[in-house]
*Asks:* 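Quick one: this structure, given as structure tokens, is what I'll be asking you about.
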Amino acid sequence: MADSAPPPASPFARLGGESGVRALVDRFYDLMDLEPSFAGLRALHPTSLEGSRDKLFWFLCGWLGGPDLYQQRFGHPMLRARHLPYPIGRAERDQWLACMASAMQSLGPGAGLDEALQQRLLEAFFGTADWMINRA
Ligand code: HEM
């Protein structure tokens with residue numbers, strides 16, 4: 001009876017809600033801070049990553065199907081416009097995606113991120129990250 005099937009859980013719910021999204025964002029920025037291969041990406045960010053952590057956390061809650069915490073604070077994200085001050089080419093896009101892939105992988109199924117969900121989210125992140133490219 002397809003009509004009575006429960007709606008599929010959002011990625012936000014599968015990650016365990018706000019605390020799960022926060023854990024993902026924290027792992028993402030911890031890796032960006034520590035891994036030499038993400039040094040170029042890290043260098044684009046402010047010295048303190050506290051504000052970046054909060055903003056990405058608020059944004060991803062909505063993007064993953066939870067509450068629109070970013071929009072409530074700042075209005076429409078206009079992500080591409082907000083990234084224009086930072087030179088983003090393919091190398092920066094790929095570092096961002098590799099950093100997020102690594103964060104998801106290190107949290108893994110115990111945090112609700114099984115292989116299939118990691119793959120699905122990575123494809124969606126690719127679309128957003130690719131759209132952020134603003135220089136050759
Ligand atoms: C393509 C490579 C990307 C690079 C190099 C990049 C870099 C940056 C930098 C340097 C900032 C400023 C941080 C700060 O003000 O503390 C930023 C802000 C932000 N980024 Fe990215 N980013 C990328 C992709 C993405 C993607 C794919 C997303 C979402 C899925 C995203 C979401 C955000 C958000 C929500 C902010 C805060 C915007 C604001 O309110 O100012 N970024 N990004």
Side-chain angles (χ1 to χ4, degrees):
M1 300 279 273
D3 284 351
S4 61
S10 65
F12 177 80
R14 290 175 64 181
L15 264 69
E18 289 185 22
S19 60
V21 177
R22 185 73 210 197
L24 175 62
V25 167
D26 280 338
R27 187 63 58 92
F28 172 80
Y29 280 114
D30 288 349
L31 288 167
M32 195 194 291
D33 223 9
L34 288 169
E35 289 292 324
S37 56
F38 304 138
L41 178 61
R42 177 64 184 91
L44 294 175
H45 286 74
T47 312
S48 165
L49 290 172
E50 292 316 304
S52 317
R53 287 177 194 263
D54 284 345
K55 288 182 204 154
L56 187 60
F57 163 65
W58 290 323
F59 178 81
L60 287 186
C61 281
W63 192 83
L64 292 166
D68 260 327
L69 304 179
Y70 184 94
Q71 195 131 338
Q72 284 165 19
R73 285 169 174 81
F74 306 113
H76 191 285
M78 301 184 299
L79 268 198
R80 193 169 191 287
R82 289 196 210 263
H83 282 79
L84 285 179
Y86 313 104
I88 301 178
R90 275 196 285 182
E92 289 73 24
R93 174 199 69 187
D94 291 345
Q95 279 186 31
W96 196 102
L97 289 168
C99 190
M100 184 54 79
S102 198
M104 290 195 291
Q105 170 128 52
S106 73
L107 290 173
L113 284 156
D114 60 35
E115 280 293 331
L117 184 57
Q118 287 182 42
Q119 199 51 46
R120 194 179 125 200
L121 292 179
L122 206 54
E123 280 166 28
F125 278 127
F126 180 90
T128 305
D130 193 56
W131 174 61
M132 232 68 87
I133 287 183
N134 53 30
R135 66 146 187 208

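Computed from a predicted structure; not experimentally measured. Starting from 1, each residue takes its place in the sequence as its number. Whatever order the structure lists ligands and atoms in, that order sets their numbers, starting from 1.
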*Asks:* Counting both backbone and side chain atoms, is some N or O of Tyr70 under 3.5 Å from an N or O of ligand 1?
*Replies:* yes

*Asks:* Identify the protein heavy atom lying closest to atom 12 (C) of ligand 1, giving its residue, its atom name and the separation to 0.1 Å.
*Replies:* Tyr86 OH, 3.3 Å

*Asks:* With backbone taken as N, CA, C and O and side chain as the heavy atoms from C-beta onward, which portion of Leu79 lies under 4.0 Å from ligand 1: side chain, backbone, both, or neither?
*Replies:* side chain

*Asks:* Heavy atom to atom 18 (C) of ligand 1, shortest distance: which of Arg93, Arg82, His83 holds it?
*Replies:* His83

*Asks:* Between Ser102 and Glu35, is any pair of side-chain heavy atoms under 4.5 Å apart?
*Replies:* no

*Asks:* Against heavy atoms of Phe59, which atoms of ligand 1 measure under 4.0 Å?
*Replies:* 29 (C), 30 (C), 35 (C)

*Asks:* Hey, could you give me the CH2/CD1 distance between Trp131 and Ile88, rounded to the nearest 0.5 Å?
*Replies:* 11.0 Å

*Asks:* In terms of the angle between their ring planes, are His83 and Tyr86 parallel, tilted or perpendicular, with boundaries placed at 30° and 60°?
*Replies:* perpendicular

*Asks:* Do the charged groups of Arg22 and Asp26 touch, with an N to O distance under 4.0 Å?
*Replies:* yes

*Asks:* Considering heavy atoms of the protein only, find what lies nearest to atom 15 (O) of ligand 1 and give residue, atom and distance to 0.1 Å.
*Replies:* Lys55 NZ, 3.4 Å

*Asks:* Given Leu56, Thr128, Leu44, which has its nearest heavy atom closest to atom 32 (C) of ligand 1?
*Replies:* Leu56

*Asks:* What protein heavy atom lies closest to atom 5 (C) of ligand 1? Include the residue and the distance to one decimal.
*Replies:* Leu41 CD1, 3.4 Å

*Asks:* May I ask you to identify, for Leu49, whether its side chain, its backbone, both or neither come under 4.0 Å of ligand 1 on a heavy-atom basis?
*Replies:* neither

*Asks:* Are the aromatic rings of Trp96 and Phe125 close, with centres under 6.0 Å apart?
*Replies:* yes

*Asks:* Between atom CZ of Phe59 and atom CG of Leu64, what is the distance when rounded to the nearest 0.5 Å?
*Replies:* 9.0 Å

*Asks:* Has Arg80 got a side-chain atom pairing as donor or acceptor with Ile133's backbone, closer than 3.5 angstrom?
*Replies:* yes

*Asks:* Could you check which of Trp96, Trp63, Phe126 puts a non-hydrogen atom nearest to atom 2 (C) of ligand 1?
*Replies:* Trp96

*Asks:* In terms of residue, atom name and distance, what is the protein heavy atom nearest to atom 16 (O) of ligand 1?
*Replies:* Ser52 OG, 2.5 Å

*Asks:* For ligand 1, which atoms sit closer than 4.0 Å to a heavy atom of Pro46?
*Replies:* 14 (C), 16 (O)

*Asks:* Hey, is Asp30 close enough to Arg53 for a salt bridge, meaning N to O under 4.0 Å?
*Replies:* yes

